[in-house]
Peer 1: 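Mind having a look at this structure? Questions to follow.
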Amino acid sequence: MTERPTPSRPASRRPAPASVFASPWFVPSTLQAVDYGDAMTRPSLHAVHDRYADRIIDQTAQLTATIAGADATAPVPGCPGWTLAHLLRHVGGTHRWAETVVRTRATGPVPDEQVNLVTPEADDDVPALSAWLTEGAAQFAATLREAGPEVKVWTVAPGGTPLFWARRMTYETVVHRFDATAAVDGTYTLDADVALDGLEEWLEFSTLPQAYESEADLHALLGPDRTLHFHATDAPEGTGEWLIDLTGAPITWSHGHKKATTAVRGPLTDLLLLLYLRRSPTPADGIEVLGDEALFADWVKGAGAWLRR
């Protein structure tokens, strides 16, 4: 796949129908039970929420460290037409936009110009923008911790709590850190547990009707014998296989090893970047696609539409 994506953004321009906001929230992998010998433990909601807040700060710090000394006008390969200045303004604006939603306990969409109307200033430089980005991430993390994971706020998909925004902005930052790394020809690494949770967040979104450009686009993917199996070759045992069922509505996904129309194999980080169209489904990018390659291409393009708006 040679198509390069438009910048990854929240689907703020097309809010989901009101009925979606009341839907149960998908449980992130970080909240699933973990087996420690004879005991089953489940992290508390607050612990998971705080972990996401920490990750937003950490991923932002890694992003700014990666581009230290870079030129603000350097092009960003993953975001055609953007420079590093565009990218930093977008990420910082997105953090501030989500922070406003949580801090004000917004019950509906808030203005998103700082997310979608990104215009660098003539005197933008990387040190100043990095400092601004770091400040916004810290402010957002503090607001998340003050609010806690369970108060009611507007969200663009099922959730309706700050925990949704903590998770969503973690992966907004994770993906754009990759973009910044590519802009300076750096080396990108991502912890396995972060990549796994980010991949599952994308899969959860892929089941939502509003994730697609239109109802027709969604239904065009459905049909008999239309399934995809993902296998993360470096995932901890028992955690790295998923089946996406496109045989009918609603689309579903589940854990486990099952035969499918299309099989996709590769390391966790590469699979996550593949879903965001930052990798190609080729052995050259460490990814193997077996079976119906066209089905995979149509699904990943259709299901990821709202994250590219």
Side-chain angles (χ1 to χ4, degrees), residues 3-16 56-57 59-104 106 108-144 153-157 165-166 168-186 188 211 213 273 276-278 301 304-309:
E3 179 186 19
R4 303 308 297 176
T6 52
S8 169
R9 321 178 168 174
S12 54
R13 291 183 176 179
R14 302 183 188 182
I56 289 167
I57 291 176
Q59 291 295 316
T60 300
Q62 290 189 57
L63 191 162
T64 57
T66 295
I67 60 172
D71 187 335
T73 64
V76 179
C79 304
W82 272 15
T83 64
L84 275 176
H86 287 91
L87 182 72
L88 295 176
R89 283 189 171 275
H90 169 71
V91 177
T94 303
H95 288 167
R96 285 165 169 79
W97 174 71
E99 191 273 340
T100 299
V101 172
V102 175
R103 174 171 42 80
T104 64
V110 301
D112 64 357
E113 289 82 1
Q114 59 188 332
V115 176
N116 293 315
L117 302 179
V118 197
T119 305
E121 302 290 340
D123 59 350
D124 274 350
D125 61 36
V126 166
L129 288 172
S130 293
W132 177 77
L133 179 57
T134 299
E135 177 187 50
Q139 180 183 3
F140 180 38
T143 296
L144 287 170
V153 299
W154 170 78
T155 53
V156 295
W165 289 116
R168 176 81 290 273
M169 290 300 108
T170 292
Y171 296 107
E172 180 79 5
T173 312
V174 162
V175 173
H176 284 316
R177 179 169 72 83
F178 171 80
D179 291 328
T181 304
V184 297
D185 199 25
Y188 183 82
E213 289 286 3
L273 295 173
Y276 280 94
L277 300 185
R278 266 64 172 187
K301 183 177 180 181
W306 79 323
L307 289 172
R308 297 191 297 272
R309 289 174 189 153

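Worth knowing before you read on, the calculation uses all heavy atoms, side chains too, and leaves out hydrogens, waters and symmetry mates.
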Peer 1: Does Trp132 have Arg96 sitting over its ring (NZ/CZ under 6.0 Å from centre, angle to axis within 45°)?
Peer 2: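 Yes; both conditions hold, so Arg96 lies above the ring face of Trp132.
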Peer 1: Distance from Glu99 atom CD to Thr104 atom OG1, nearest 0.5 Å?
Peer 2: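 If I round to the nearest 0.5 Å, the distance is 8.5 Å.
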Peer 1: Once you measure the plane-to-plane angle for Trp165 and Trp97, does it fall in the parallel (<30°), tilted (30-60°) or perpendicular (>60°) bin?
Peer 2: perpendicular
Peer 1: Quick check for you: to the nearest 0.5 Å, what is the distance between Thr119 atom OG1 and Gln114 atom CD?
Peer 2: 13.0 Å
Peer 1: At their closest point, which heavy atom of Thr155 faces which heavy atom of Ala157, and how far apart are they?
Peer 2: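 Shortest heavy-atom contact: OG1-O, 2.7 Å.
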Peer 1: Quick one: CZ on Phe178 to OH on Tyr276, what's the gap to the nearest 0.5 Å?
Peer 2: 13.5 Å
Peer 1: Is there a side-chain contact between Tyr188 and Val174, using heavy atoms and a 4.5 Å cut-off?
Peer 2: yes
Peer 1: What pairs of residues pass the salt bridge (Lys or Arg N to Asp or Glu O under 4.0 Å) test when at least one of them lies in residues 64-75, not counting sequence neighbours?
Peer 2: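 For residues 64-75, and leaving out neighbouring residues, there are no salt bridge (Lys or Arg N to Asp or Glu O under 4.0 Å) pairs at all.
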Peer 1: Quick one: list whatever passes side-chain contact (heavy atoms from CB on, under 4.5 Å) with Thr173, sequence neighbours left out.
Peer 2: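 Scan of Thr173 (side-chain contact (heavy atoms from CB on, under 4.5 Å), adjacent residues dropped) gives Gln59, Thr60, His95.
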Peer 1: Could you grab the distance from atom CZ of Arg177 to atom OG1 of Thr66, nearest 0.5 Å is fine?
Peer 2: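 The CZ atom of Arg177 sits 6.0 Å away from the OG1 atom of Thr66.
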Peer 1: Could you tell me which non-hydrogen atom of Arg278 sits nearest to which non-hydrogen atom of Gly78, and how far apart they are?
Peer 2: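 Taking every non-hydrogen atom into account, NH2-O, 3.8 Å.
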Peer 1: If you compare all heavy atoms of Ala183 against all heavy atoms of Leu84, which two are closest, and at what distance to 0.1 Å?
Peer 2: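 Between these two residues, the closest heavy atoms are CB-CD2, 3.9 Å.
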Peer 1: Take Asp179 and Trp82 through the side-chain contact (heavy atoms from CB on, under 4.5 Å) test and state the conclusion after the steps.
Peer 2: CA-CA 10 Å; Asp179 291 328; Trp82 272 15; over 6 Å; no
Peer 1: Between Ala305 and Ala211, which heavy-atom pair has the shortest distance, and what is it?
Peer 2: CB-O, 3.5 Å
Peer 1: Check step by step if side-chain contact (heavy atoms from CB on, under 4.5 Å) holds for Leu88 and Ile67.
Peer 2: CA-CA 10 Å; Leu88 295 176; Ile67 60 172; 3.6 Å; yes
Peer 1: Please give me the minimum heavy-atom distance between Ala166 and Ile56, naming the atom from each residue.
Peer 2: O-CD1, 3.7 Å
Peer 1: For Ala131, what residues pass the side-chain contact (heavy atoms from CB on, under 4.5 Å) criterion, not counting sequence neighbours?
Peer 2: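 Expected list: none.
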Peer 1: Can you give me the closest heavy-atom contact between Thr64 and Ser130, atom names plus distance?
Peer 2: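 It is CG2-CB, 3.7 Å.
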Peer 1: Which distance, rounded to the nearest 0.5 Å, do you find between the CD1 of Ile57 and the OG1 of Thr170?
Peer 2: 10.5 Å
Peer 1: Among Asp124, Thr83, Thr94, whose side-chain hydrogen bond (donor to acceptor under 3.5 Å, both in side chains) with Arg89 holds?
Peer 2: Asp124
